[in-house]
Engineer: 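Take this structure first; my questions come after.
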Protein chains: 2
Amino acid sequence: MSPSDLSPDPEQELVTDVFARGCTSRAAFEDVTSKWASLALLALGEGSYRFNALRRRVDGVSEKMLSQTLQALERDGMVTRDVVTTIPPRVEYALTPLGLKVAATLRDLADLLEGSVDDVGAAREAYDERPGGKRP
Amino acid sequence: MSPSDLSPDPEQELVTDVFARGCTSRAAFEDVTSKWASLALLALGEGSYRFNALRRRVDGVSEKMLSQTLQALERDGMVTRDVVTTIPPRVEYALTPLGLKVAATLRDLADLLEGSVDDVGAAREAYDERPGGKRP
DNA sequence: CGGTATCCCTAAGGATACTG
DNA sequence: CAGTATCCTTAGGGATACCG
């Protein structure tokens, strides 16, 4: 068999790295940070929601996008989908342990930004006000 | 005129809330979590970068998108752009104090997901394997 | 090197309608 | 209520070319 000179699969990166295209962590990272997923996770961090309640909570999302988003998050093992077959039907969405951890870091980020609205607002004004800053 | 029944500006939410469309924090949140911004911030969390170095670090980004992304982040007061007029020119990008804090939370998120690749991979397989799970 | 400007195309995403 | 299906518009984003 091959002795010690065997380098372990040059084409196949073994380290997991969000910077690497094709790494699962990068895919998961993009799923989580996608436009609606981050807000949906944030909302579910407050507790479980039914579809339309979640839709109202996440201001501006369409049925289609919320549905797609939840499917992606369920596939990644961050969200559970619990169907209660009553009339009318109920479907409860909640976070898995992993989803809970992810939601917590997103909460940190949201808190940070909510606490920095003034700074961001000021920075934007300064940027837009300076020559060539804005396109009217 | 209207006496005490005047509710304070129903159209204008005064609380800052990432869930509210039109709130600056929501805009900042979307900027930060946008496809390339999060990776750029992550990279700049490692130290300052020049344009093309950053472009190489963020695997897959085009010149155009990196440029646009950096402008948005600079406008939000998270990234500084330092032009050194030599020949050839050099432009150094770095994080502001706010950008540093944001990058830190994104680092937490990335670490969490990098540490969960196996869980995510398993969840995906399970999801795709079950009837109606995947579209071949 | 570090961009901006232009062209062009795909796919994200909204609105509406219909089903279990 | 909780979605899928369809249609249609927009804009995200790549490729290329060119300027400071």
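Per chain, numbering begins at 1; letters A, B, ... match sequence-line order.
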Engineer: With sequence neighbours left out, which residue pairs that include part of residues 44-55 of chain B fulfil the salt bridge (Lys or Arg N to Asp or Glu O under 4.0 Å) condition?
Structural biologist: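 For residues 44-55 of chain B, and leaving out neighbouring residues, the salt bridge (Lys or Arg N to Asp or Glu O under 4.0 Å) pairs sorted by first residue read B:E46-B:R57.
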
Engineer: Which angle, rounded to 10°, do you find between the first-five-pair axis and the last-five-pair axis of the helix from C:dC1-D:dG20 to C:dG20-D:dC1?
Structural biologist: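 It works out to 50° between the end axes.
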
Engineer: With nearest nucleotide decided by heavy atoms, which residue, A:V91 or B:V61, maps closer to the 5′ end of DNA chain D?
Structural biologist: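 Nearest-nucleotide comparison on DNA chain D picks A:V91.
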
Engineer: Can you see which heavy atom on B:Y93 is nearest to which on B:V79, and at what distance?
Structural biologist: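 Closest approach of B:Y93 to B:V79: CD2-CG1, 3.9 Å.
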
Engineer: Hey, mind stepping through B:L112 and A:V102 against side-chain contact (heavy atoms from CB on, under 4.5 Å) and telling me if it holds?
Structural biologist: CA-CA 7 Å; B:L112 174 56; A:V102 171; 3.8 Å; yes

Engineer: Sorted by first residue and then second, give each side chain to side chain donor-acceptor pair (under 3.5 Å) pair with at least one member in residues 104-114 of chain B; sequence neighbours left out.
Structural biologist: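 Residue pairs with at least one partner in residues 104-114 of chain B: B:R107-B:D111.
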
Engineer: Measure CG/B:L70 against C1'/C:dT4 and give the value in whole Å, please.
Structural biologist: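 One finds 14 Å between C1' of C:dT4 and CG of B:L70, rounded.
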
Engineer: Using a strict 4.0 Å threshold on nitrogen-to-oxygen distance, state whether A:D128 and B:R75 make a salt bridge.
Structural biologist: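 Yes, this pair counts.
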
Engineer: Output the distance between atom CE (B:M65) and atom CD (B:Q68), rounded to the nearest 0.5 Å.
Structural biologist: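 Result: 4.5 Å between the selected atoms.
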
Engineer: Return the nearest nucleotide to the side chain of B:W36; candidates are D:dG20, D:dG14, D:dT4.
Structural biologist: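 Side chain of B:W36 sits closest to D:dG14.
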
Engineer: Where the side chain of B:P89 is concerned, which of C:dG3, D:dG20, D:dA2 is the nearest nucleotide?
Structural biologist: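 Looking only at side-chain atoms, B:P89 lies closest to D:dG20.
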
Engineer: Between atom CG in B:D59 and atom P in D:dG14, what is the gap in whole Å?
Structural biologist: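 My rounded result for the distance is 12 Å.
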
Engineer: Donor-acceptor pairs are to be reported for all side-chain atoms of residues 118-125 of chain B against protein atoms at under 3.5 Å, with residues two or more places apart or in another chain.
Structural biologist:
from, atom 1, to, atom 2, distance (Å)
B:R124, NE, A:D76, OD1, 2.7
B:R124, NH2, A:D31, OD2, 3.2
B:R124, NH2, A:D76, OD1, 3.1

Engineer: Specify the separation, in whole Å, of atom CD of B:Q68 and atom C1' of C:dT6.
Structural biologist: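 Going from CD in B:Q68 over to C1' in C:dT6 covers 13 Å.
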
Engineer: Could you tell me the separation between the CE atom of A:M65 and the C1' atom of D:dT4, rounded to a whole number of Å?
Structural biologist: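 A:M65 atom CE is separated from D:dT4 atom C1' by 14 Å.
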
Engineer: If you check every side-chain atom of A:Q71, which of D:dC1, D:dT4, C:dG13 has the closest atom?
Structural biologist: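 For the A:Q71 side chain, the nearest candidate turns out to be D:dT4.
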
Engineer: Counting only side-chain heavy atoms from C-beta out, which of D:dA2, C:dG14, C:dC1 sits nearest to A:S62?
Structural biologist: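 Out of D:dA2, C:dG14, C:dC1, the nucleotide with an atom closest to A:S62's side chain is C:dG14.
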
Engineer: Within the 4.0 Å heavy-atom criterion, would you say B:E63 contacts the bases, only the backbone, or no part of the nucleic acid?
Structural biologist: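 The answer is base, as B:E63 lies within the cut-off (heavy atoms under 4.0 Å) of a base atom.
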
Engineer: OH of A:Y49 versus P of D:dC1: gap in Å, rounded?
Structural biologist: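 Rounded to the whole Å, the gap is 16 Å.
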
Engineer: Send over the distance from B:E92 CD to C:dG3 P, rounded to a whole Å.
Structural biologist: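 Going from CD in B:E92 over to P in C:dG3 covers 11 Å.
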
Engineer: Check the pair B:V91, B:D82 against side-chain contact (heavy atoms from CB on, under 4.5 Å), reporting the backbone distance first and the verdict last.
Structural biologist: CA-CA 5 Å; B:V91 182; B:D82 193 9; over 6 Å; no

Engineer: Take the protein atom NZ of A:K35 and the nucleotide atom P of D:dG12, then report the distance between them rounded to whole Å.
Structural biologist: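 In whole Å, D:dG12 P and A:K35 NZ are 9 Å from each other.
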
Engineer: Are any of A:R50's side-chain N or O atoms less than 4.0 Å away from OP1 or OP2 of D:dC1?
Structural biologist: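 No, no such contact exists.
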
Engineer: Quick one: is A:R90 getting a side-chain N or O under 4.0 Å of the D:dA2 phosphate, OP1 or OP2?
Structural biologist: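 Result: no.
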
Engineer: Determine which pairs satisfy salt bridge (Lys or Arg N to Asp or Glu O under 4.0 Å) with at least one residue from residues 92-103 of chain B, sequence neighbours left out, and list them in order.
Structural biologist: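 Salt bridge (Lys or Arg N to Asp or Glu O under 4.0 Å) check on residues 92-103 of chain B returns B:R90-B:E92.
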
Engineer: Do nucleotides 6-11 of chain D as a string where each nucleotide becomes B, S or -: B if the base has a protein heavy atom under 4.0 Å, S if just the sugar-phosphate does, - if no protein is that close.
Structural biologist: -B----

Engineer: CD of B:E74 versus C1' of C:dG2: gap in Å, rounded?
Structural biologist: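 About 14 Å, once rounded to whole Å.
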
Engineer: Taking 4.0 Å as the cut-off, does a side-chain nitrogen or oxygen of B:T86 come that near to OP1 or OP2 on C:dC1?
Structural biologist: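 For B:T86, the contact criterion (side-chain N or O under 4.0 Å from OP1 or OP2 of C:dC1) is not met.
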
Engineer: Could you tell me whether B:R55 contacts a base, only the sugar-phosphate backbone, or nothing, with contacts defined as non-hydrogen atoms closer than 4.0 Å?
Structural biologist: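 Since no nucleic acid heavy atom lies under 4.0 Å of B:R55, the category is nothing.
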
Engineer: What's the separation between atom CZ in A:F51 and atom CG in A:L66, rounded to the nearest 0.5 Å?
Structural biologist: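 Interatomic distance, A:F51 CZ to A:L66 CG, rounded to 0.5 Å: 4.5 Å.
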
